[in-house]
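Everything numeric here is computed off the predicted structure, so don't read it as measured data.
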Amino acid sequence: MVKDPRTLWLAGFLISFCLGMALAFTGAALYRQDAIAIDVSGELGAEVSISAAGRIDVDTLTVREEITGEGRTLEEDSQILYAATSYSYTPGFTPELNEPTSLYSGTARPADLGSISSGIIGKNEGSREVIIVPNTAQTSAEILVIDILPTVLLGEMQAPANSALPAVTLDESLTPAIAAPSTTISNLEFAPLIVGRGVQVDEESTIYANYVSIDESGAERENTYVQEAPTLLEVSKLMPGLRDALVNARIGSRIEIAIPAGQAQGDTGVVVVMDLLASVPSQPDSREGAQP
C-alpha cells in the first residue's frame with residue numbers, strides 16, 4: 001500500500017519535534033543545575049579536604065573568601081607564609097587531590113605568585129581563600145585552597161613570670177623590641193609571651209619562625225621580621241639554649257628566651273623573642289634563612 005506523502009512528512013515532523021524538545025529539556029536541566037558549591041574541612045594551615053557539587057559557573061579565575069582573617073593585610077613586597085592544597089573537579093564526580101597541603105614562604109610579589117596573587121595580596125593573615133580555575137570549556141576546574149598564615153603573631157602579650165627576662169614591647173610595625181638586659185645572663189631562662197594552641201614542637205621538628213635577638217649590651221644581632229621571608233629552622237640544628245627552650249612549645253606561641261654565653265654562639269649571652277608560625281614534616285621549597 002502506498003502511503004500518503006503528507007502522512008510521512010507529518011510523522012517525520014513529529015519525531016523531529018519530539019527529539020528537539022527532549023534535547024532542549026535536557027540542556028535546560030543541565031543549565032538549571034546549581035552553581036558550584038565547595039565545602040572545605042580542616043583547621044587553618046593544616047591538611048584540608050573538600051567536597052564539591054554543581055556546574056562550573058565561572059569562566060575565569062575566581063577567588064572566594066571562606067574565612068576572613070584578623071591579621072595584618074598583606075601588601076606587595078611583604079613577607080608571606082601560606083598553605084596550599086590543589087584539587088581537580090569535574091561536575092558529577094568527586095574532587096581528586098592534585099597536590100596535598102604544603103607550606104610555602106616568600107615575598108608577596110605578583111611576578112612570584114603568578115595567577116594566585118589575587119588570592120593572597122590584599123588579603124588578611126588568618127584568611128582562607130578558595131581559588132577556582134576553570135578550563136576553557138568550563139567542563140572541569142582546578143580548586144585551590146589557600147590558607148594565609150601569620151608572619152607576625154598578634155594578641156596581647158602576657159608579662160613573663162620570670163622577672164629576670166628583659167622587657168619586650170612592640171614597635172610601629174607590631175614586631176617585638178627587646179630592652180637591654182639589666183645584668184649578665186648567667187642561666188637559661190624562657191617564658192611564653194603569647195601562648196599558642198598549635199602542634200607541639202619536638203627535637204625533630206622543622207618550623208617556620210620569625211625572631212629578633214640582641215646581645216647583653218642591647219645591640220641587635222638578628223631580625224628576621226625584616227627579611228624577605230620567614231625563616232625555616234631545623235630544631236635539632238639550633239644552638240643548645242634555643243633548642244631546649246623550643247622543645248614542647250606550641251605553634252602560635254611567642255617565646256622570650258635569655259641564653260647564657262655557654263649555650264649561645266659567641267662570647268656573650270643573647271636574648272631572643274621568637275614567633276613560632278608553622279610546623280612542617282619536611283622542608284618544602286622556600287627561601288631558607290640562616291640558623292640563629
Side-chain angles (χ1 to χ4, degrees), residues 44-46 69-86 99-129 131 144-154 170-178 194 196 198-199 201 205-214 220-239 242-243 246 249 251-255 257 265 272-292:
L44 193 83
E70 298 180 353
R72 70 185 182 99
T73 301
L74 290 177
E75 300 176 352
E76 279 195 36
D77 297 322
S78 62
Q79 286 189 350
I80 54 171
L81 177 63
Y82 65 93
T85 312
S86 171
E99 295 289 343
T101 304
S102 299
L103 287 167
Y104 301 89
S105 72
T107 305
R109 298 190 186 105
D112 295 340
L113 294 170
S115 61
I116 67 171
S117 63
S118 60
I120 295 179
I121 297 175
K123 306 298 184 180
N124 292 347
E125 292 183 339
S127 296
R128 170 170 286 169
E129 310 294 329
I131 301 176
L144 287 164
V145 180
I146 305 290
D147 287 349
I148 304 172
L149 305 180
T151 55
V152 179
L153 295 180
L154 302 182
L170 299 179
D171 64 16
E172 294 179 354
S173 62
L174 301 180
T175 57
I178 312 169
I194 297 174
V199 299
V201 177
S205 295
T206 299
I207 64 172
Y208 281 102
N210 267 325
Y211 62 89
V212 60
S213 65
I214 63 170
E220 186 177 285
R221 286 168 50 112
E222 292 182 273
N223 184 354
T224 68
Y225 294 95
V226 298
Q227 293 180 358
E228 287 197 333
T231 297
L232 192 63
L233 303 173
E234 295 179 67
V235 174
S236 63
K237 295 182 179 180
L238 299 176
M239 56 188 177
L242 185 55
R243 182 177 64 244
L246 294 185
I251 295 298
S253 297
R254 171 174 289 165
I255 301 177
I257 311 148
Q265 293 175 338
V272 180
V273 172
M274 181 176 289
D275 285 351
L276 309 183
L277 305 175
S279 178
V280 292
S282 59
Q283 289 188 4
D285 291 335
S286 66
R287 296 181 178 90
E288 183 177 349
Q291 307 282 1

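By the salt bridge (Lys or Arg N to Asp or Glu O under 4.0 Å) test, Arg72 is found to be paired with Glu125, residues two or more places apart in sequence or in another chain being considered. Looking at residues two or more places apart in sequence or on another chain, you find a side chain to side chain donor-acceptor pair (under 3.5 Å) between Asn210 and Gln79, Thr224. Partners of Ala278 under the side chain to side chain contact (heavy atoms under 4.5 Å, CB included) rule, at least two apart in sequence or in another chain, are Leu81, Leu103, Leu149, Tyr208. Listed by chain and residue number, Val168, Val212, Tyr225, Arg254, Val273 satisfy the side chain to side chain contact (heavy atoms under 4.5 Å, CB included) test with Pro176 (two or more places apart in sequence, or in another chain). For Ser86, the side chain to side chain donor-acceptor pair (under 3.5 Å) test picks out Asn98, Glu142, with sequence neighbours left out. Remark: Ser253 pairs with no residue by the side chain to side chain donor-acceptor pair (under 3.5 Å) rule, at least two apart or across chains. In this structure Asn223 satisfies the side chain to side chain donor-acceptor pair (under 3.5 Å) test with no other residue, sequence neighbours excluded. Residues satisfying the side chain to side chain contact (heavy atoms under 4.5 Å, CB included) test with Val199, not counting sequence neighbours, are Ile251, Ser279. Residues satisfying the side chain to side chain contact (heavy atoms under 4.5 Å, CB included) test with Thr73, not counting sequence neighbours, are Asn124.
Within the 4.5 Å cutoff, side-chain heavy atoms of Tyr82 are placed close to those of Leu113. Looking at heavy atoms from C-beta onward, Glu129 lies out of side-chain contact with Ile120 at the 4.5 angstrom threshold. Between Leu233 and Leu242 there is no side-chain heavy-atom pair separated by less than 4.5 Å.
For the pair Ser173 (side chain) and Asp171 (backbone), a donor-acceptor distance under 3.5 Å is absent. Under the 3.5 Å distance criterion, the side-chain polar atoms of Asp275 are matched with a main-chain donor or acceptor of Leu153.
What you find for Ala108 and Ile80 is that their closest heavy atoms are CB-CG2, 3.6 Å. Contact record, Gly45 with Asp147: N-OD2, 2.8 Å, taken as the closest heavy-atom pair. Across all their heavy atoms, Thr85 and Pro100 have their closest contact at CG2-C, 4.3 Å. Here the closest non-hydrogen pair linking Leu44 and Gly126 is CD2-O, 3.6 Å. Heavy atoms only, all atoms of each residue included: Thr151 and Pro230 are closest at CG2-CG, 3.8 Å. Here the shortest heavy-atom pairing between Ala229 and Ser105 reads CB-OG, 4.1 Å.
Atom-to-atom distance recorded for Ser127:OG and Ile146:CD1 is 12.0 Å, nearest 0.5 angstrom. Rounding to the nearest 0.5 Å gives a distance of 5.0 Å between CG of Leu276 and CD1 of Ile207. Going from atom CG of Leu277 over to atom CG of Leu232 covers 11.0 Å, rounded to the nearest 0.5 Å.
Test Glu228, Glu75, Glu76 against Arg109 for salt bridge (charged side-chain N to carboxylate O under 4.0 Å, His left out) and you get one pass: Glu228.
Under a cut-off of 6.0 angstrom, the local environment of CD in Glu70 is sparse, with at most 12 non-hydrogen atoms contributed by other residues, nucleotides or ligands.
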